[in-house]
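Taking it in order: structure first as structure tokens, then the write-up.
Convention: sequence-line order gives letters A, B, ...; per-chain numbering from 1.
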Number of protein chains: 2
Amino acid sequence: MSSSPWSTSWSTPPLAGGPGGADALRPLVGTVLAALRDGATARGGPLPPGGPEDVAARLRAALRDGTTEAGDPGHEVRHDPRHDVLPDTGTGAEEALRTLVTALARGAADPAHPLCAAHLHTPPLALAAAADLAASALNPSMDSWDQAPAASALEQLVTRALAAETHPAGHRPDALVTTGGTESNQLALLLAREHHGPTLQTVCGANAHHSVHRAAWLLGLPEPVTVPAPDGTIDLTALAAVLTDLRGPLLVTATAGTTDTGSIDPLPEIADLCDDHGATLHVDAAYGGPLLFSETRRHLLAGLDRARTVTLDLHKLGWQPVAAGLLAVPDTALLDALRHTAPYLNADDDTRAGLPDLLGRSPRTSRRPDILKIAVTLRALGRTGLGHLVDRVCATAGRLADLVEKDPRLDLHQRPALSTVLFRPTGATDETVAATRRDLLTHGHAVLGRAHADGRLWLKATLLNPHTTPDDLEELLAHTALVEGSTTR
Amino acid sequence: MSSSPWSTSWSTPPLAGGPGGADALRPLVGTVLAALRDGATARGGPLPPGGPEDVAARLRAALRDGTTEAGDPGHEVRHDPRHDVLPDTGTGAEEALRTLVTALARGAADPAHPLCAAHLHTPPLALAAAADLAASALNPSMDSWDQAPAASALEQLVTRALAAETHPAGHRPDALVTTGGTESNQLALLLAREHHGPTLQTVCGANAHHSVHRAAWLLGLPEPVTVPAPDGTIDLTALAAVLTDLRGPLLVTATAGTTDTGSIDPLPEIADLCDDHGATLHVDAAYGGPLLFSETRRHLLAGLDRARTVTLDLHKLGWQPVAAGLLAVPDTALLDALRHTAPYLNADDDTRAGLPDLLGRSPRTSRRPDILKIAVTLRALGRTGLGHLVDRVCATAGRLADLVEKDPRLDLHQRPALSTVLFRPTGATDETVAATRRDLLTHGHAVLGRAHADGRLWLKATLLNPHTTPDDLEELLAHTALVEGSTTR
């Protein structure tokens with residue numbers, strides 16, 4: 001019937017771990033790789049055409065019909081999709097992997113496609129995705145040493161090494177691993193709240209990531225005071241005025257690489273203002289942080305080391321699968337507020353006897369070793385290799401800006417500070433710009449983002465794919481012009 | 001030199017996505033599988049012997065020496081481990097994967113080993129780990145439709161199907177995907193806070209998971225009131241008294257499968273008390289939830305459907321790699337408090353035009369599609385296959401309890417309610433029990449947990465491995481007796 005290593009669904013399927021895990025994984029991984037290839041080939045473009053309803057209908061049909069050669073006649077008469085999700089009798093590993101992975105690849109917005117360039121949604125490196133398989137198979141959980149002996153030791157080495165990049169003069173640089181920039185910002189506000197108390201007032205630019213506001217809400221802190229950022233970076237005069245007016249403990253959050261334009265706030269000047277006013281500085285470098293790896297661009301982050309907390313996120317400009325967030329501090333003692341005891345994980349006598357206490361390393365308990373793929377990437381590429389990738393995507397953004405500038409049908413917002421380019425069809429209304437973006441999505445032509453700047457709506461291209469060629473960029477702009485034409489006809 | 005698909009670290013390494021991604025992944029995945037096998041074989045037992053310092057030293061040495069056949073002489077003179085973590089020039093994908101994955105597998109506490117049975121730290125199924133590779137390669141991010149067209153449609157189908165299990169009579173059952181039980185409990189408290197306001201008082205048993213307390217702290221809520229649970233489940237008389245005494249909005253959190261003993265609180269009686277006192281009910285079924293899949297055991301969760309929010313966590317009794325948490329509700333409208341707008345992800349005009357708004361599905365922004373491995377597992381095994389696995393590990397726990405009862409050198413705490421067994425060497429002091437557990441870890445013999453019950457410290461075995469045999473259980477107990485003997489000699 002089937003080449004699956006276990007033929008009946010009620011038997012005990014093999015585990016991913018142990019000495020036999022690799023052999024059990026091999027045929028299943030083969031099925032996954034074939035399904036990834038088939039799905040991507042069937043899709044063809046950067047995303048599936050047809051829009052949300054078509055994609056959902058196709059997925060339901062794939063689940064209903066399954067892999068026909070599996071030959072389970074029971075499938076055909078099913079109508080409630082819940083029975084396709086959770087059938088009474090399983091379809092077996094091979095059928096389930098083939099059906100679901102093919103459907104997911106077929107219906108993906110694939111960041112590895114050069115015309116999928118909307119968001120800080122990176123195309124992961126193959127080596128990072130391969131490393132992530134080992135994380136899934138070994139399944140160390142980072143909440144106690146006896147669930148993650150080597151993984152916790154690796155996390156300690158890598159987080160210290162990365163924090164030494166953001167805080168080279170720090171006393172004992174350290175970093176926490178997070179689910180992304182959002183959790184990093186949340187932890188930055190939490191650490192500041194625990195240091196200063198619940199009256200802590202957060203001050204951020206109008207260019208700050210939405211997660212700063214959401215973190216304040218989550219943590220029961222006052223709504224952040226927002227400082228204007230008319231040119232995409234915090235207005236220093238306005239910031240000085242706000243810091244002069246406010247009373248009580250203050251946390252200023254600046255951004256190194258904004259989501260909308262990739263702009264970098266003037267960090268040294270903001271750090272000076274924080275010093276003058278006794279405010280704590282947090283820098284959200286979720287996007288821009290990896291500029292540190294580029295010899296020619298790391299100067300753009302001057303002043304970063306003056307922040308008490310720094311958000312990094314290597315699932316953006318670090319080519320990692322989600323999640324790969326970090327929160328770096330100049331001294332590990334700044335993380336003490338997260339200390340927490342649960343006797344089954346870190347009893348006092350175990351800690352005194354030398355078992356590392358990991359629970360204070362995250363607000364999560366069970367935690368996947370996201371550090372493994374990061375470690376593999378840092379070691380495989382080295383500083384030079386990572387810097388090269390950063391430089392490449394920044395250069396790609398520069399080339400796109402060149403092309404826009406040369407095209408009389410398009411307006412460029414500004415030269416890219418990082419790898420984000422805003423542009424718009426000349427003379428278009430905001431409604432046309434928004435409809436153009438949606439048309440590109442619905443036709444499956446391209447995935448572009450959107451951003452408000454200078455009182456207008458722009459198309460946003462976030463260039464994170466180091467393989468994107470000048471021809472790809474021409475094609476991207478051609479699609480934009482075509483669809484724009486069809487919309488305004 | 002090397003068979004790596006890219007030979008110099010500064011060139012542009014291949015991506016995991018696109019039609020060529022599978023071909024790029026294949027040799028790298030081959031390296032990972034070989035490293036997993038080699039590392040597990042070298043380790044031999046359930047965890048590496050030597051304790052934390054030895055494990056860390058061996059990891060540093062592996063990073064320093066690397067894969068010798070890679071032949072980079074620069075390695076030998078390095079001493080600062082930061083240079084082994086982030087070298088100036090990379091070592092290439094193959095070397096990095098081989099070195100780091102071998103070291104991680106060599107130094108793992110592997111839940112696939114039958115004597116690794118301390119925690120709710122599950123051995124993942126090979127099919128779930130294989131599915132997770134597709135999540136890493138495609139890297140859909142669940143914060144906007146245009147980053148995850150099919151993945152978001154799949155998440156909708158699967159979360160609704162799972163919520164229909166917890167709330168079969170619910171109006172529109174729905175569930176959020178979380179990083180685990182801890183985040184699920186946090187969201188339960190957050191939703192209740194938003195419904196009732198910041199004076200919400202949480203009431204939980206002394207048997208509740210530590211994350212309930214941590215969530216209250218994180219969210220700025222009053223410290224939970226703790227009700228005694230002398231026999232491992234909430235004392236109903238004490239709960240009634242507490243609910244009578246307290247004023248203001250109340251959230252009662254009960255547990256279906258406690259971390260220490262696997263006990264299940266009397267849910268129908270607690271739900272009645274909540275009704276009588278106008279309190280909201282949350283049930284943390286992170287451990288016990290999958291009893292729903294077992295025909296012979298689902299009755300143990302009677303009353304679960306009366307909870308306003310239910311924590312599930314399929315990286316426990318669901319054999320998923322971390323993370324696979326859920327928070328289920330009987331009506332999707334109960335999730336409205338999480339609604340949030342970030343114009344680059346869910347602008348009003350895009351939502352009106354039919355683009356699904358995903359940002360309210362999580363407090364995270366970027367989010368890995370953990371639903372894929374869950375979907376593959378549900379479909380491959382079906383309800384029958386999952387129920388079979390649940391029944392198997394519960395039966396294994398029963399067998400271990402039998403063996404303990406028959407062994408005059410050991411005391412059994414109580415018959416297992418789920419798959420957790422507490423036992424201790426007869427007559428031992430708590431200090432000896434704690435030292436026995438640490439000795440087993442240091443010798444690399446077994447990974448057992450610990451729990452306080454009835455005023456004493458017990459060894460805890462959490463049986464989650466469906467492949468564990470009666471012989472394995474005999475060996476586990478033999479190790480316990482041996483080490484106990486050596487400690488007290």
Side-chain angles (χ1 to χ4, degrees), chain A residues 9-10 12 14-19 22 24 28 33 36-37 40 55-56 59 82 85-87 89-90 93 96 101 107-108 110 112 121 123-124 126-127 129-130 132-134 136-139 147 149-150 153 161 180 182 210 220 321-322 342 365-366 368 376 378-382 385 388 466, chain B residues 9-10 12 14-19 22 24 28 33 36-37 40 55-56 59 82 85-87 89-90 93 96 101 107-108 110 112 121 123-124 126-127 129-130 132-134 136-139 147 149-150 153 161 180 182 210 220 321-322 342 365-366 368 376 378-382 385 388 466:
Chain A
S9 60
W10 49 265
T12 306
L15 303 174
L28 302 173
L33 294 178
L36 285 174
R37 191 196 52 223
V55 169
L59 179 79
R82 285 189 303 201
V85 169
L86 178 59
T89 302
V101 175
D110 187 347
H121 174 212
L127 65 95
D132 222 7
L133 173 64
S136 298
L138 290 168
N139 201 31
Q147 296 176 85
T182 291
H210 67 90
V322 172
T365 310
S366 299
R368 181 181 174 83
V376 166
L378 296 179
R379 183 173 174 97
L381 273 64
H388 169 74
Chain B
S9 61
W10 49 263
T12 306
L15 302 174
L28 301 174
L33 294 178
L36 285 174
R37 191 195 52 222
V55 170
L59 180 79
R82 286 189 304 200
V85 169
L86 177 58
T89 303
V101 174
D110 187 347
H121 173 213
L127 66 95
D132 222 7
L133 172 64
S136 298
L138 290 168
N139 201 33
Q147 297 176 85
T182 292
H210 67 89
V322 173
T365 310
S366 299
R368 181 180 174 85
V376 166
L378 296 179
R379 183 175 174 96
L381 274 65
H388 170 74

Set of residues satisfying side chain to side chain contact (heavy atoms under 4.5 Å, CB included) with respect to A:T365, sequence neighbours excluded:
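So A:T365 forms a side chain to side chain contact (heavy atoms under 4.5 Å, CB included) with A:D143, A:Y344, A:L345, A:L359, B:T182, B:H209, B:H210.
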Grab the two heavy atoms, one from [X] and one from [Y], that are nearest each other, plus how far apart they are.
X: A:V376; Y: B:A96; value: O-CB, 3.6 Å
X: A:L133; Y: B:A129; value: CD1-O, 3.6 Å
X: A:R37; Y: B:P19; value: CG-O, 3.8 Å
X: B:A126; Y: A:A24; value: CB-CB, 4.0 Å
X: A:L36; Y: B:A137; value: CD1-CB, 3.9 Å

With rounding to the nearest 0.5 Å, note down the distance linking CG in B:L15 to CG in A:L127.
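The CG atom of A:L127 is 10.0 Å from CG of B:L15, to the nearest 0.5 Å.
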For chain A, the option from [options] that forms the most heavy-atom pairs under 4.5 Å:
options: B:S366, B:P466, B:A161, B:P149; value: B:P149
options: B:P124, B:A22, B:A342, B:G180; value: B:P124
options: B:D110, B:V101, B:L378, B:N139; value: B:N139

With B:D132, which residues qualify under salt bridge (charged side-chain N to carboxylate O under 4.0 Å, His left out), at least two apart?
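In terms of salt bridge (charged side-chain N to carboxylate O under 4.0 Å, His left out), with neighbours along the sequence ignored, B:D132 is linked to A:R368, B:R368, B:K373.
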Shorter than 4.5 Å, heavy atoms on both sides: which option in A:L59, A:V55, A:L86 has the most such pairs with chain B?
A:L86
What residue in A:A153, A:A130, A:G220 has the most heavy-atom pairs under 4.5 Å with chain B?
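Of the options given, most contacts go to A:A130.
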Select one option (side chain, backbone, both, neither) describing which atoms of A:L138 are under 4.5 Å from chain B's heavy atoms.
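When you check distances to chain B, atoms from both the backbone and side chain of A:L138 fall under 4.5 Å.
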